[in-house]
Trainee: 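Got a structure for you, questions after.
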Amino acid sequence: DAGVTQSPTHLIKTRGQQVTLRCSPKSGHDTVSWYQQALGQGPQFIFQYYEEEERQRGNFPDRFSGHQFPNYSSELNVNALLLGDSALYLCASSLVGTGGWTGELFFGEGSRLTVL
Amino acid sequence: AQSVTQLDSQVPVFEEAPVELRCNYSSSVSVYLFWYVQYPNQGLQLLLKYLSGSTLVESINGFEAEFNKSQTSFHLRKPSVHISDTAEYFCAVSDRGSNYKLTFGKGTLLTVNP
């Protein structure tokens, strides 16, 4: 059973460019959340997708956008990259289900973005 | 708004010694609490969680944490650590009306020395 997979694992961009990161959730999961983890910091919540809609959003500018596809996979897009966007971007999946949240998020290994 | 404070950024200990990693949170509502572990160059793995019920929760590898509502704390403990426990540990909180959205602390690097 594959866990959460993310691509690419590493990438380098320059200021002003745009980037797209991809995430496939754990099999059977329907909710995808994205987190940004700057060096030496804890992850910060960017947004969450369920049923192809953005359900919750953290304190991130509109340069950060996302999408969820019918197969539950997701993309994170960042426009007009800044040096401060350099971070590890983590995708996490979970299952809403009928029994309510079980309290677990499954994280991928992340995409490390370096902005020069 | 919620926040999580991990009081120690680094905790060095010797193998087989006990350890406590401290976590305090602030929230105006009822919460769920979590500890995640991150090994080098890996994603986060759930170590243990408190959702409801017994305030003492345990993991399969010997860690335990106790939810203390009056002190708004969720400290992580292990009576005897191993070299393999060396990792970054993150405490996180989610309010009960905001499922799946976690607020993390800055992390505590636990280094177990031989």
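Convention: sequence-line order gives letters A, B, ...; per-chain numbering from 1.
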Trainee: Is A/Val19 close to A/Leu113 at the side-chain level, that is, under 4.5 Å between some pair of heavy atoms?
Mentor: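 The answer is yes, as the side chains (C-beta and beyond) meet within the 4.5 Å cut-off.
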
Trainee: Which atoms of B/Gln45 come close to chain A, meaning under 4.5 Å heavy atom to heavy atom: side chain ones, backbone ones, both, or neither?
Mentor: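 Answer is neither: B/Gln45 stays 4.5 Å or more from chain A.
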
Trainee: Just checking A/Leu83: does its CG atom have more than 12 heavy atoms from other residues, nucleotides or ligands closer to it than 6.0 angstrom?
Mentor: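 Check passes, neighbour count above 12.
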
Trainee: Please state whether the side chain, the backbone, both or neither of B/Leu44 comes within less than 4.5 Å of a heavy atom of chain A.
Mentor: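 Both backbone and side chain of B/Leu44 come within 4.5 Å of chain A.
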
Trainee: Determine whether A/Leu76 and A/Thr20 make a side-chain contact, defined as any pair of heavy atoms from C-beta on separated by less than 4.5 Å.
Mentor: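 A side-chain contact under 4.5 Å is absent here.
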
Trainee: So for A/Gln44, is it side chain, backbone, both, or neither that comes closer than 4.5 Å to the heavy atoms of chain B?
Mentor: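 Neither part.
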
Trainee: Between A/Phe106 and chain B, with a heavy-atom cut-off of 4.5 Å, which part of the residue counts as in contact: side chain, backbone, both or neither?
Mentor: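 Neither part; nothing is under 4.5 Å.
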
Trainee: Evaluate the ring planes of B/Phe34 and B/Tyr36, with Trp represented by its six-membered ring, and classify them as parallel (under 30°), tilted (30 to 60°) or perpendicular (over 60°).
Mentor: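 Rings of B/Phe34 and B/Tyr36: tilted, as their planes differ by 30° to 60°.
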
